[in-house]
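One-based numbering, in listed order, for ligands and for the atoms of each. These values consider heavy atoms only, across backbone and side chains, with no hydrogens, waters or symmetry-generated copies. These figures come from a predicted structure and were not determined experimentally.
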Amino acid sequence: MSNQIVIEKTKSPKQKPDQNNLGFGLYFTDHMFIMEYTEGKGWHDPKIVPYAPLSLDPSCMVFHYGQAIFEGLKAYKGSNGEILLFRPKKNMERVNISNDRLCIPSIDVDFAVEAVKALVNVDKDWIPEAEGTSLYIRPFIIATDPNLGVRPSHTYKFMIILSPVGAYYKEGLNPVKIYVESNYVRAVKGGIGFAKTPGNYASSLKAQMEAKEKGYTQVLWLDGVEKKYVEEVGTMNVFFKINGEVITPSLEGSILSGITRSSTIELLNSMGVKVTERKIAIQEIYDAHANGTLEEAFGTGTAAVISPIGELNWNGNVVEINNGKIGELSSKIYDAITGIQSGKLEDKFGWTVKI
Ligand code: COI
């Protein structure tokens, strides 16, 4: 494959949105990255071109059988104007984990990181600088064979699009209310729960809508077999602080291995806070609340960053966590992660990558 990325710049740049009113995933920059895969030829023809709709055959396999994966990462503009990515290699390594599960050919991780850098560089004027904003980067791969047979496609498109974003949840850093889902399940061991693939999100919508009708922002998924152990929240991994110790569900094959999750674990370790990855039953969380040892709960994710959890509803039993306020540790982790991501704090972990 030629690694030369051909760049075709737009002749009609778009107007940029108001940085203080971005929402999440509503605006897209002037350019996109696209590269093709053809069986026998591999990945080829990497290009950065003006952002535009795609023309695809209606029989494309992705439309029918969902053979696709995606990622999410962010670029920040540091205080001296430098552009920073947060652990981009981790995302591209995860692309290949998802690809393997979905029978999509693997990508070259280092090249994919270079593609992200090249695209962000072309659209660098789109990186918002207002507090709490960033440029969200969405790489994705779709199966493009025009064929209705159920089998892996022989052709794919790997694309990257960029979206200037604010907070994912309208609550921002205020605690979100979470509904513990006891009816629907997200994933089981052996399934696709650990892969970042659209099907996991499509299957979550029904529960999310029902939770929303009851006044909850997201659902907390329990394991798909016993509906006993906590897994993850719709768009985030989840952490509980009980009696001074931070506990997060261990990755048992059905949970997404979040990059903000692993960064949070490393950060907590470096702060001397005890973190344990293990199975944690929802009952244990309710017991901790009852005996006064449930101190904080928060979610972690690229889009959501750190999102405190202020309330849980499990089968109608409602518990308020930390009086519905952001906890001290959640706030400390938020400041540390966003400080490193935006270059405001020293990155002693070597997580940020300058463009
Ligand atoms: C992310 O945090 O980047 C995600 O992919 C979650 C999302 C589906 C918005």
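Looking at Phe70, Tyr201, Tyr168, Tyr136, it is Tyr136 that brings a heavy atom closest to atom 1 (C) of ligand 1.
Remark: the backbone N or O of Tyr136 is not paired with any side-chain donor or acceptor of Ser134 at under 3.5 angstrom.
Remark: Lys214 qualifies as a cation-pi partner of Tyr179 under the 6.0 Å distance and 45° angle criteria applied to the six-membered ring.
Of all the atoms in ligand 1, the ones that sit under 4.0 Å from a non-hydrogen atom of Gly72 are 3 (O). Those atoms of ligand 1 with a heavy atom of Ala303 less than 4.0 angstrom away are 1 (C), 2 (O), 3 (O), 9 (C).
For the atom pair Leu268 CG and Glu245 CD, the distance stands at 11.5 Å (nearest 0.5 Å).
One side chain, Glu252 or Ser250, offers a donor N or O that lies under 3.5 Å from an acceptor on the other.
Of the protein's heavy atoms, Lys196 NZ, 3.4 Å lies nearest to atom 4 (C) of ligand 1.
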